[in-house]
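Structure record follows, encoded as structure tokens.
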Amino acid sequence: MKALAPDFYERPVLEVARALIGCMLEHDGCAGVIVETEAYHESEPACHAFIGITARTQTLFGPAGRAYVYRSYGIHALFNAVCEPAGIGAAVLIRALEPIAGLELMRRRRGRLGGRVASDYELCSGPGKLTQALGISLQHNGEDLGRGAVRLGVAPGQPAAARVIAGPRIGITHAVELPWRFCAAGSRYVSRPRPPWPPA
DNA sequence: CATGGGATTGACT
DNA sequence: GTCAATCCCATGC
């Protein structure tokens, strides 16, 4: 896999969120193609960077191309790629993957669901699910995505970018009107609710 | 120092 | 559809 160059991330976060659809995320023997993302920017209140630089958000304001990992609802680790030049707080949340490699390891990490073995579609179809499946945790916060344990890149022979559709973000209470969620059109590996939106 | 909310998930009705 | 689990951190006293 070829790592994405730092300047890939050093762009408007909406561009990066779209461009990451079809790219590959990889960690510790597991990998998947990104099929769903969301953009967050300091200018809007749903973004953690909205409140300014704190101990929690300093990664978001740091250089582009690093990981921003934080705990959600006390339970789940959510993985983001920091974007835009240093000093601007922005990131892309990776929400779902199509599993490509290490599926058995993913299944082991995800555990049994109600005594049942997880299907391929359930392995990475959510931001908390994919970090669990890949073994990504808070300790990866701040890592360089080109050189660290968690890598983001382009797979060899990666097919042409899928058609991307845009809609409202999930699970937030502020700025719900912004259509900053992006999905690979027609993919069965995206999270719920599945996108009913028209092509963008 | 105490408190409350959150970019979620899975189990249960 | 509803609800609890569980922890980091921002905020306020």
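Hydrogens, waters and symmetry mates are skipped; everything else that's a heavy atom, side chains included, is used.
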Could you tell me whether the phosphate oxygens of [N], OP1 or OP2, come under 4.0 Å of any side-chain nitrogen or oxygen in [X]?
{"X": "A:T54", "N": "C:dA10", "value": "yes"}
{"X": "A:R110", "N": "B:dG10", "value": "yes"}
{"X": "A:R95", "N": "B:dT8", "value": "yes"}
{"X": "A:T173", "N": "B:dG6", "value": "yes"}

Can you figure out which of C:dA10, C:dC8, B:dA7 approaches the side chain of A:I51 most closely?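 Of the candidates, C:dA10 comes closest.
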Which nucleotide sits closest to the side chain of A:P127: C:dC9, B:dT9, B:dA7?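 The closest nucleotide is B:dT9.
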In this structure, how many angstroms lie between the [atom2] atom of [N] and the [atom1] atom of [X], rounded?
{"X": "A:L78", "N": "B:dG6", "atom1": "CG", "atom2": "P", "value": "15 Å"}
{"X": "A:R71", "N": "B:dG4", "atom1": "CZ", "atom2": "P", "value": "22 Å"}
{"X": "A:R56", "N": "C:dC7", "atom1": "CZ", "atom2": "C1'", "value": "11 Å"}
{"X": "A:E44", "N": "B:dA7", "atom1": "CD", "atom2": "P", "value": "11 Å"}
{"X": "A:F182", "N": "B:dA7", "atom1": "CZ", "atom2": "C1'", "value": "15 Å"}
{"X": "A:N141", "N": "C:dC8", "atom1": "CG", "atom2": "C1'", "value": "12 Å"}
{"X": "A:E38", "N": "B:dT8", "atom1": "CD", "atom2": "C1'", "value": "12 Å"}
{"X": "A:E177", "N": "B:dA7", "atom1": "CD", "atom2": "C1'", "value": "15 Å"}

Take A:L138 and A:H76, find for each the nucleotide of DNA chain C with the closest heavy atom, and name the residue whose nucleotide sits nearer the 5' end.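 The residue whose closest nucleotide sits nearer the 5' end is A:H76.
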Along DNA chain B (nearest heavy atom to each residue), the more 5'-positioned of A:L60 and A:E122: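 In this pair, the answer is A:L60.
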If each of A:Q132 and A:F79 is mapped to the nucleotide of DNA chain B with the nearest heavy atom, which maps nearer the 5' terminus, i.e. the 5' end?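 Result: A:F79.
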Do A:R11 and A:F8 form a cation-pi contact, if we require the NZ or CZ to be under 6.0 Å from the six-membered ring centre and within 45 degrees of the ring's axis?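 That pair qualifies as a cation-pi contact.
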So, under a plain 3.5 Å distance rule, would you say the side chain of A:Y70 forms a donor-acceptor pair with the base of B:dA7?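 Side chain to base: pair present.
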Pair A:R110, A:Q132 - check side-chain hydrogen bond (donor to acceptor under 3.5 Å, both in side chains), show working. CA-CA 6 Å; A:R110 293 274 290 123; A:Q132 186 182 21; 2.9 Å; yes
Donor-acceptor under 3.5 Å (A:E42 side chain, A:G89 main chain):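 Yes.
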With a 3.5 angstrom cut-off on both distances, give the Watson-Crick or G-U wobble partner of B:dA7, or none if there isn't one.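 Pairing partner: none.
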Contact class for A:I75 (heavy atom, under 4.0 Å): base, sugar-phosphate, or nothing?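 A:I75: base contact, heavy atoms under 4.0 Å.
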Could you tell me whether A:L113 contacts a base, only the sugar-phosphate backbone, or nothing, with contacts defined as non-hydrogen atoms closer than 4.0 Å?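 Sugar-phosphate, backbone atoms only, no base.
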Going by the angle between their ring planes, with limits at 30° and 60°, are A:H48 and A:Y68 parallel, tilted or perpendicular?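 Rings of A:H48 and A:Y68: perpendicular, as their planes differ by over 60°.
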Is there a stack between A:Y73 and C:dA5, judged by ring centres under 5.5 Å and planes under 30°?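 Here A:Y73 fails the 5.5 Å or the 30° condition.
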Would you mind checking if A:R95 and A:E38 are paired as a salt bridge, meaning a charged N to carboxylate O distance below 4.0 Å?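 Result for this pair is yes, salt bridge flagged.
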Within 6.0 Å of CZ in A:R188, more than 12 heavy atoms from elsewhere: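 Counting neighbours around CZ of A:R188, 12 or fewer heavy atoms of other residues, nucleotides or ligands fall under 6.0 Å, so no.
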